[in-house]
Protein chains: 2
Amino acid sequence: MDSTVTLSDVAAKAGVSIATASRALAGKPRVSREMIDRVRAVAAELGYRVDPVARALREGSSRLVGMIVPVIGIPFFAQLVDAIEEELGHAGFELLLADSHGFVEEEIRRIRVFGDRRVDGIVIVPADRTASVQALANVRAGLPVVEVDRATDRPIADFVGVDNGLGMQLLFDHLSERGVTTVAFAGSDDASTNGVERWAGFERLARSHGMRVTASYRGEFSTESGVAAADHILAAGALPDAIVCGSDQIAVGVISRLHRRGHDVPGDVLVTGFDGSELASVFWPTITTVVQPVSSIAADAVSLLLGRVEGGDGATRRSLLAPTLQLGESTDRAASTRGHELG
Amino acid sequence: MDSTVTLSDVAAKAGVSIATASRALAGKPRVSREMIDRVRAVAAELGYRVDPVARALREGSSRLVGMIVPVIGIPFFAQLVDAIEEELGHAGFELLLADSHGFVEEEIRRIRVFGDRRVDGIVIVPADRTASVQALANVRAGLPVVEVDRATDRPIADFVGVDNGLGMQLLFDHLSERGVTTVAFAGSDDASTNGVERWAGFERLARSHGMRVTASYRGEFSTESGVAAADHILAAGALPDAIVCGSDQIAVGVISRLHRRGHDVPGDVLVTGFDGSELASVFWPTITTVVQPVSSIAADAVSLLLGRVEGGDGATRRSLLAPTLQLGESTDRAASTRGHELG
DNA sequence: GTGAAAGCGCTAACAT
DNA sequence: ATGTTAGCGCTTTCAC
């Protein structure tokens, strides 16, 4: 397979100038109807495809979008990458992927490279809500950026994410119905807006629902952090009625640890997650969680980004999408993992 | 941040011709020592970085490597992407990522686009061991390809993956020590080499260890497939001593389903996974699995690929890496999930 | 050892 | 409506 068919090959075979061939293919105005047909036919016959590199050099644009995530290994981010990639594909863009491993320095390096590569836009899940502001200062002038899932403190770019407050509310309404009166929190620190907002939502809602908070632990969005959280909560005294976790990964860590230390979920304590990753539906027990509308987030992010690529401007926007509650066994006392013979 | 510093800016400020500047920066032979220093100093001062697009057009190479995976959502593939990306980064290459969603047509489309983009090489996890041969026929002449994790039937490209036979042997030796005499298989169909080889290994080793095979189910590498497998195995009669699964995802499905239908793992039946994804260590029970040496696979794949990029040729190679066994609770009867109070 | 100039493939002024 | 030409930024002959 060798695609060394250039525009001049097409022009030659069609018996026209290379400029006309270019215009005909691009569907630019002043070209006759028949010319367009003729050139297109020849191009198709020869299997011609524009050279994106030459075009990028000439136009200063590459039909490439760079994306930076903190850890591709977290299932939720993998889903997000997949959704963004698909959405970009519809619009004729490719995805240049980079993993910052949570380091702002890595973000800076990647952002520079993206600029050099003439990407048309950048999709980023900022590693740190304050420090990443510096990273984004390295973005080429005029290059559109959209923050996804996590925002930076300063509104320096469009943002698309989930409404954390609403998510927490869905969770609390559910727990309230289940008769929960004491709760604990196992979430992440203030490095990300999700960490901040989910914690804030938890506190506010616990208060408004008249629930007592027995303990709270704030680490990272990881399973290990969930394990540590469980130990912390157990050390604080009697188990609460429910433990609200900042992510599904954390919930998995919490539940695993509780089980190992002899406590049943949901028999002894209810547990909730956040994200709606596949993990929540395959874990045993399945986890009640707040499902993020990943496809909508991706669609919104890409349309916002491409809107600016095509020259759209205006104030930066924050687009908060409504999540939904997905019930699982982890908040259904009848599903206690102690009582087998369920199905 | 605007990096519109071009080579001619550097040349001008250094008071030399653009040709000399280029040579000095590239470290090409006939340039005087002092010239090199002077140009480099100016370049650093101006913050000059070569324009990869212009270079790509001129050289026909882009320092970009395209990678195609069947599903980025499978944790093991996410890990692989991460490892490959990191390895490429060390060598100064970027990753262009594509998800084939398991479709050969998607692979073809992506391979063509990669060619147009002048990628220097392609890393692919083929969707189908026979059909993907067609997809790879669309690779630009001379463009190096390395298959990772799964190979195509015909040796049309270098391959780096795990030694499935050895992996199965580690598993069987372990099960044998545990006194297992009857086994069932929950794996994938013949669409991938991993599906073929793990099944072949299972059959061969069950026979050589004198174990009776009570049932076998072959679907996909998914949790859902594991659920179906569990139902199939239960329908076949009494539970075997152990169920060997073709992947961690399948194992998770199998265990979840068994639990829901009232059977304990490892109390009633031992279960093993394959891949060594994070899932295996966070699931409850943790899963005994065959850990693929992901970093080594990535390092090998990239060095093989870049070796060919730099002109290396020779017969295609198959590089099989040795996996290791990771013990988990799923094959440790003392860890029965029925007996709580373990930790 | 250094400079001048061609040219990678394309698009967009600027002619005609 | 179509052709001619410049030039995006770089590397690399080819002259000197």
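These numbers come from the heavy atoms of this one structure, side chains and all, not from hydrogens, waters or symmetry mates. In what follows, chains carry the letters A, B, and so on, assigned in the order in which the sequence lines appear, proteins first and then strands, with residues in each chain numbered from 1.
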Given C/dA12, D/dT12, C/dC10, the nucleotide with the shortest approach to the side chain of A/Thr6: C/dC10
Whole-Å distance separating the CG atom of B/Leu25 from the C1' atom of D/dC10: 11 Å
With distance as the sole test, does A/Ser22 use its side chain to make a donor-acceptor pair with the main-chain N or O of A/Ile18 at under 3.5 Å? no
If you only use heavy atoms from C-beta on, which nucleotide in C/dT11, D/dG9, D/dT12 is closest to the side chain of A/Ser22? C/dT11
Does any non-hydrogen side-chain atom of A/Val294 lie less than 4.5 Å from one of A/Phe76? yes
Closest approach to the side chain of B/Arg23, judged atom by atom: which nucleotide of C/dC10, C/dA12, C/dG3 is it? C/dG3
What is the distance, to the nearest angstrom, from the CG atom on B/Leu57 to the C1' atom on D/dC8? 9 Å
From CG of B/Asp9 over to C1' of D/dC8, roughly how many Å is that when rounded to an integer? 14 Å
So, is B/Ser8 near the phosphate of D/dG9, with a side-chain N or O under 4.0 Å from OP1 or OP2? no
If you find the nucleotide of DNA chain D closest to B/Ala54 and the one closest to B/Ala19, which residue's nucleotide is nearer the 5' end? B/Ala54
Does either side chain, that of B/Asp120 or that of B/Ser61, offer a donor lying less than 3.5 Å from an acceptor on the other one? yes
Between C1' on C/dT11 and CG on A/Asp51, what's the gap in Å once rounded to a whole number? 13 Å
Specify the separation, in whole Å, of atom CZ of B/Arg63 and atom P of D/dC10. 15 Å
Report which part of the nucleic acid B/Val16 touches: base, sugar-phosphate, or nothing (heavy-atom distance under 4.0 Å, all strands). sugar-phosphate
Does D/dT11 have its OP1 or OP2 closer than 4.0 Å to a side-chain nitrogen or oxygen of B/Lys28? no
Using only heavy-atom distances, determine whether the side chains of B/Ser277 and B/Gln79 contain a donor-acceptor pair under 3.5 Å. no
Test item: B/Ile72 and A/Glu85 side chains (from C-beta on) under 4.5 Å apart, heavy atoms: no
D/dT11, OP1 or OP2 - any side-chain N/O from B/Arg55 closer than 4.0 Å? yes
Presence of B/Thr20 side-chain N/O under 4.0 Å of C/dG3 phosphate oxygens OP1/OP2: yes
